[in-house]
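In what follows, every chain begins at residue 1, and chains take the letters A, B, ... in the order their sequences are listed.
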2 protein chains.
Amino acid sequence: MLESASKKPASTRERLLELAEQMVLRKGFASTSIEELIAGVGITKSGFFYHFKDKNDLARALMQRYLEDNKRQLDGIFARAAELHEDPLHSFLIGLKLFAELMNSVHDVHPGCIAAAVIYQDQAFDAEVRSLSAEGMLDWRKRFRTHLDRIVKRYPPKIDVDLDSLADMMSALADGGIILSKALKDRTTLPAQIMHYRNYIKLLFEPA
Amino acid sequence: MLESASKKPASTRERLLELAEQMVLRKGFASTSIEELIAGVGITKSGFFYHFKDKNDLARALMQRYLEDNKRQLDGIFARAAELHEDPLHSFLIGLKLFAELMNSVHDVHPGCIAAAVIYQDQAFDAEVRSLSAEGMLDWRKRFRTHLDRIVKRYPPKIDVDLDSLADMMSALADGGIILSKALKDRTTLPAQIMHYRNYIKLLFEPA
DNA sequence: GCTCGAACTGCACCTATGGTACAGTATACC
DNA sequence: GGTATACTGTACCATAGGTGCAGTTCGAGC
């Protein structure tokens, strides 16, 4: 299900998106100049506008690509976790551990979340890009909420909590953890936050 | 200790900073044009450059102002919490509740954190601004770590946790909660995340 | 071997914006 | 009356996003 790195040479469009993603996460969208992009990829300005109608069209493609990659990764992790344990709570805890491990291994320091990056440059994007970003957040909510629903059926929580906001907590910790990681240039910060979420879930639902 | 809104008319410099903060949080730094700023405040471009050497100088002033306001707010909250209870754990829990309430009351939806906004527009700022942002995060770590140190002396945690990352968790949830609030246009998201942090602290340290 | 569409190049041109430089001015305080 | 503060006005430059359009290269299908 997970294709890691296909060998066929990336298309110009794909290379533009890849470079744009790196630049947007480091400099912000407005500071990411088309001129730098085409210089990096080795095409002309006309070539760029052949692939993308304008800069916002690039942003839209960037968001879509990011959200799809994201979903694929999470699907992979929690499918594996479901294989390893049938119980909803323990399977979820395993999934969170796998998630933390993945965030610890892949990058030097996490390059960032496109959906979060958009939020602080809101008005620089059109409505479609903004709504894609919000959809991404709601997908995470739905995804984690599904796990939590299965857990509460079997394990009563020690404190009464709102399950939507408990699901959102994972997004908040991921986005916040990424910001801290980037600010402090410490790649351990993000996985540590995921493990705190895991602790909280354990303390909330695991019987004594 | 807390001066809410002084009545004397704000100086031009102050009005520039106030407007710039709003614009940076909504559109990003690069998209915040000096032209719009001076139009909003009613001065000329020369007037702007009288107050700020260049755009990065504005960014530096913005960060400093934001961090100072931030510290003042947190000082106020936890000083009040210390007044209300002597015990380190309960005083901290009270402080977190006050913090959540403040985040619920003040704004329609939280306008954003300048320090976090900088992180996703990293290379658009000079080294000084970036380092101010990181200092802000470390100040939060130190601040919350102090509370946690006092708590662990009296209450052994149920799970062995790293106290620095537990202190960082508050920053992560605040920054992540703000992003979610802004993305979903829901002002309840941020206070809900603070209350989850409070729950986690309770479950970790409060004796059964 | 020809046609056609995809994936570009090249050039011309317009506008907005950040930024520099510098001379001049209104007002308040000393 | 002098000086500092807080500006205005004018002129000018480089870079960037963006538009428009004509021309080119190249591989696949007929």
Quick one: B:Phe49 CZ to D:dC12 P, roughly how many Å, whole number? 18 Å

Base, sugar-phosphate or nothing for A:Ser31? Non-hydrogen atoms, less than 4.0 Å. nothing

Can you tell me how far apart OH (B:Tyr200) and CE (B:Met169) are? Round to the nearest 0.5 Å. 5.5 Å

Distance in angstrom units between A:Phe48 CZ and D:dT19 C1', rounded: 14 Å

5'-most contact on DNA chain D: A:Glu36 or A:Lys53, nearest heavy atom basis? A:Glu36

Could you tell me how far apart B:Phe52 (CZ) and D:dA6 (P) are, to the nearest whole angstrom? 12 Å

side-chain N/O A:His51 vs C:dA7 OP1/OP2, d < 4.0 Å: no

Rounded off to whole Å, could you give me the CG-to-C1' distance for the B:Leu58 and C:dG18 pair? 13 Å

Distance, rounded to the nearest Å, where B:Ile43 contributes CD1 and D:dT5 contributes P: 17 Å

Interatomic distance, A:Ile34 CD1 vs C:dC8 C1' [rounded to whole Å]: 16 Å

So does A:Lys45 reach the base of C:dG10 with its side chain, donor to acceptor, closer than 3.5 Å? no

Nearest heavy-atom neighbours spanning A:Leu19 and A:Leu37: CD2-O, 3.6 Å

I want to check one thing: is the phosphate of C:dC8, taken as OP1 and OP2, less than 4.0 Å away from some side-chain N or O of A:Thr12? yes

Using whole Å, report how far NZ of A:Lys55 lies from C1' of D:dT19. 17 Å

Before we go on, tell me: are the rings of A:Tyr120 and B:Phe29 under 6.0 Å apart, centre to centre? no

Separation of B:Tyr50 atom OH from C:dG19 atom C1', in whole Å? 19 Å

Counting side-chain heavy atoms from C-beta on, which of C:dG18, D:dA16, C:dA21 comes nearest to A:Glu35? D:dA16

Kindly give the heavy-atom pair with the smallest separation between B:Arg65 and B:Glu14, and that separation in Å. NH1-OE2, 2.5 Å

Has the side chain of A:Thr44 got a donor or acceptor that lies under 3.5 Å from a partner of the other kind on the base of C:dG10? no

Contact class for B:Ser33 (heavy atom, under 4.0 Å): base, sugar-phosphate, or nothing? sugar-phosphate

A side-chain contact here means heavy atoms from C-beta on lying under 4.5 Å apart; do A:Asp139 and A:Asn70 qualify? no

